[in-house]
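First comes the structure, then the notes that go with it.
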Amino acid sequence: MPKTKTNSSAKKRFKLTGTGKIARKNAFKSHILTKKSTKRKRNLTQTSLVSEADMGNVKRMLGIGK
């Protein structure tokens, strides 16, 4: 069996945590920041986890598991 290729865009955007979950950056932090509150922008800086519904697709793009 040949090796599966890792999706290049996915490897730049997602990171595997120590417990096997997948971390991601939050959206809506790139532009049009003047109308967003400081608290909202600060909270968007932190990383989040990929939801269970999307976990299979992201793992397949990263070549993790089956």
Side-chain angles (χ1 to χ4, degrees):
M1 282 295 290
K3 294 181 180 178
T4 58
K5 285 194 174 183
T6 302
N7 185 300
S8 293
S9 62
K11 69 183 175 187
K12 297 170 191 172
R13 287 169 171 81
F14 301 107
K15 186 179 79 155
L16 198 64
T17 64
T19 56
K21 296 174 184 169
I22 300 174
R24 65 172 177 85
K25 292 267 192 162
N26 281 311
F28 311 113
K29 186 73 194 324
S30 57
H31 61 100
I32 314 175
L33 298 173
T34 52
K35 63 175 77 171
K36 296 170 188 162
S37 68
T38 308
K39 179 180 179 181
R40 181 175 166 192
K41 289 184 280 192
R42 189 172 60 245
N43 288 335
L44 286 172
T45 303
Q46 298 160 6
T47 56
S48 303
L49 295 175
V50 172
S51 69
E52 287 295 323
D54 299 324
M55 194 74 76
N57 287 333
V58 175
K59 280 188 174 180
R60 185 162 57 252
M61 286 192 288
L62 293 174
I64 302 168
K66 297 177 185 177

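Along the sequence shown, residues carry numbers from 1.
Atom NZ of Lys25 is surrounded by 12 or fewer heavy atoms from other residues, nucleotides or ligands within 6.0 Å. Within 6.0 Å of CZ in Arg13 there are 12 or fewer heavy atoms belonging to other residues, nucleotides or ligands.
Of the inter-residue distances, the one linking Met55 atom CE with Glu52 atom CD reads 4.5 Å to the nearest 0.5 angstrom. In this structure, CG on Asn57 lies 11.0 Å from CG on Asn7, to the nearest 0.5 angstrom. How far NZ of Lys21 is from CG of Leu16: 11.5 Å, rounded to the nearest 0.5 Å. Atom CZ in Phe28 sits 8.5 Å away from atom CG in Leu44 (nearest 0.5 Å).
Between the side chains of Lys29 and Thr45, at least one donor N or O sits under 3.5 Å from an acceptor N or O. No side-chain donor-acceptor contact under 3.5 Å links Asn43 and Arg40.
Between the side chain of Asn26 and the backbone N or O of Gln46, at least one donor-acceptor pair lies under 3.5 Å.
Taking the side chain as every heavy atom from C-beta outward, Thr6 and Met61 never approach each other to under 4.5 Å. Counting heavy atoms from C-beta on, the side chains of Leu33 and Lys41 come closer than 4.5 Å. Using a 4.5 Å heavy-atom threshold, the side chains of Ile22 and Lys15 count as separate.
Across all their heavy atoms, Thr17 and Ala23 have their closest contact at CG2-CB, 4.1 Å.
Under the rule for a side chain to side chain contact (heavy atoms under 4.5 Å, CB included), the partners of Asp54 that lie at least two apart in sequence or sit in another chain are Val50, Ser51. Taking the side chain to side chain donor-acceptor pair (under 3.5 Å) definition, one finds that Thr38 meets it with nothing, sequence neighbours left out.
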